[in-house]
Amino acid sequence: MTLTIQHDDLLPGRNFIAGQWREALEGQRFGVTDPATDAVFATVPDSGALDAAAALEAAHAAFPIWRAVPAKQRAQILNRWNALILAHQDDLGRLISREQGKPLAEGRGEVAYASSYVEWFAAEATRANGDVIPASVPGRRMFALREPVGVVAAITPWNFPAAMIARKIAPALAAGCTVVCKPAEDTPLTSLALVKLAEEAGVPAGVLNIVTASRERTPEVVDVWLDDPRVRKITFTGSTPVGKHLARRAADTLKRLSLELGGNAPFIVFEDADLDAAVEGLMVAKFRNGGQTCVSPNRVFVQSSVHDAFVEKLAARISALKVGPASDSASQIGPMINARAVDKIERHVQDAVARGAVTRVGGARLAALGPNYFAPTLLVGADGGMACACEETFGPMVAITRFETEADVTRAANDTPFGLAGYFYATDLRRIWRMAEALQTGLVGVNEGALAAEAAPFGGVKESGYGREGSVHGLDDYTQLKYVCQGQL
Ligand code: SIN
């Protein structure tokens with residue numbers, strides 16, 4: 001199977017600013033690599049401050065026009081965009097797999113996931129109601145109008161190059177905001193393809209602008225948007241250190257922020273759990289996208305009495321995983337995104353083993369497949385002092401910690417600065433509610449490993465960030481309330 005794109009027009013290969021496909025003003029380009037081989041297979045503009053400023057100028061000029069477009073019309077444009085995304089599901093899926101490395105079934109699945117957000121926010125656009133407030137004195141009427149915040153800067157990650165763009169751009173456009181976007185340097189092609197389809201769907205010139213930049217030049221682009229008071233909101237998915245940097249810099253102009261940052265998700269298996277369901281839930285949650293997912297379980301706790309049985313079942317499932325390039329339809333785990341990602345997993349395995357963990361499955365690179373492959377790995381005997389318990393591994397590695405009591409595991413699960421997702425498997429209803437309430441995370445999976453849905457509020461607590469994406473709350477971060485009081489009636 002090849003990952004060739006059927007429709008070349010999905011590969012514009014340039015920035016999109018003010019309704020025009022443009023080279024970077026300084027003319028530079030950088031290479032996009034195939035994570036399966038590290039070979040460069042495409043190039044895109046390496047933009048700098050001038051391009052970022054041009055994109056912002058366009059978004060700022062388009063804002064009064066776009067916010068005045070009736071919500072129903074904005075919704076129709078989003079629906080057309082969604083239809084085009086679905087019509088190109090195969091090509092977009094191949095593109096995601098090519099530049100990101102995930103198996104093709106997951107690439108196609110991600111397109112459907114992205115589409116679900118566009119469809120959702122098209123509908124939400126027409127429901128962005130304000131309030132009529134009972135007046136406190138006679139002769140007065142009081143209203144709360146919901147208005148778009150203005151220009152939004154969307155900075156998106158490489159692990160879900162289509163879904164994360166959709167989850168940020170669709171609510172922004174639905175609310176009446178205009179957008180400047182900088183996609184991750186590892187996966188710019190999917191983002192450009194989505195913007196191409198948005199153009200085809202009728203998003204007016206200047207409303208949606210995108211500039212690509214290499215890792216080295218990204219700060220130059222983002223700094224322009226951070227410093228300019230006309231950008232009223234930053235939406236970012238990525239690491240906690242970068243999120244903190246953005247929050248500090250955005251403080252000068254008091255921009256709104258939605259930050260979906262790193263996680264360190266606990267996955268807890270209690271002795272009253274259905275062990276087979278728990279194994280399946282962990283496989284889904286952990287090995288989706290090769291573990292390169294913010295909500296991926298990072299610390300797996302198993303109660304002593306079921307520990308050995310659980311480990312045996314899990315070892316059998318992990319050993320059977322097929323690793324290979326996305327172009328092989330049998331692959332279930334693709335390459336990691338780049339060499340840094342593989343180095344980190346290797347460091348976590350080595351650290352855990354040096355501190356007493358035992359490798360049950362995998363534990364090493366799969367260099368014969370290519371530069372960025374790591375074997376699905378199962379370690380037992382992990383503890384809270386290991387690097388894999390303190391940092392997000394972001395790879396196909398499960399490290400199991402044994403626990404004795406609910407109180408112990410609750411303490412351990414919450415003993416982290418992060419709080420994005422948490423999972424547990426149990427059948428006792430009282431325990432289920434105790435744990436659902438006790439976990440300090442923004443998302444909780446109870447007997448469920450696949451949490452995400454466009455109708456659900458996605459986001460974290462603590463140092464995993466703030467703001468919610470998706471759901472009926474998903475427009476809140478892109479709108480502000482204006483109180484209007486009319487007197488003399
Ligand atoms: C993420 O990893 O940032 C998003 C994962 C998801 O939407 O499930």
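In each ligand, atom 1 is the first atom listed, and ligand 1 is the first ligand listed.
Aromatic rings of Phe424 and Phe301 (six-membered ring for Trp) have centroids beyond the 6.0 Å cut-off, not under it.
By the 4.5 Å heavy-atom criterion applied to side chains, Thr416 and Arg299 are counted as neighbours.
A cation-pi arrangement, defined by a distance under 6.0 Å to the six-membered ring centre and an angle within 45 degrees of its axis, is absent between Arg468 and Phe458. Cation-pi geometry between Lys196 and Phe16 is not satisfied (NZ or CZ under 6.0 Å from the ring centre, within 45° of the ring normal).
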Give a table of atom pairs where an N or O of ligand 1 lies under 3.5 Å from a protein N or O.
from	atom 1	to	atom 2	distance (Å)
ligand 1	2 (O)	Asn159	ND2	3.1
ligand 1	2 (O)	Cys294	N	2.7
ligand 1	3 (O)	Glu260	OE1	3.1
ligand 1	7 (O)	Tyr113	OH	2.6
ligand 1	7 (O)	Arg167	NH1	2.9
ligand 1	8 (O)	Arg288	NH1	2.9
ligand 1	8 (O)	Arg288	NH2	3.0

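No side-chain donor-acceptor contact under 3.5 Å links Ser258 and Lys168. Under the 3.5 Å distance criterion, with hydrogens and angles disregarded, no donor-acceptor pair is assigned to the side chains of Lys462 and Ser464.
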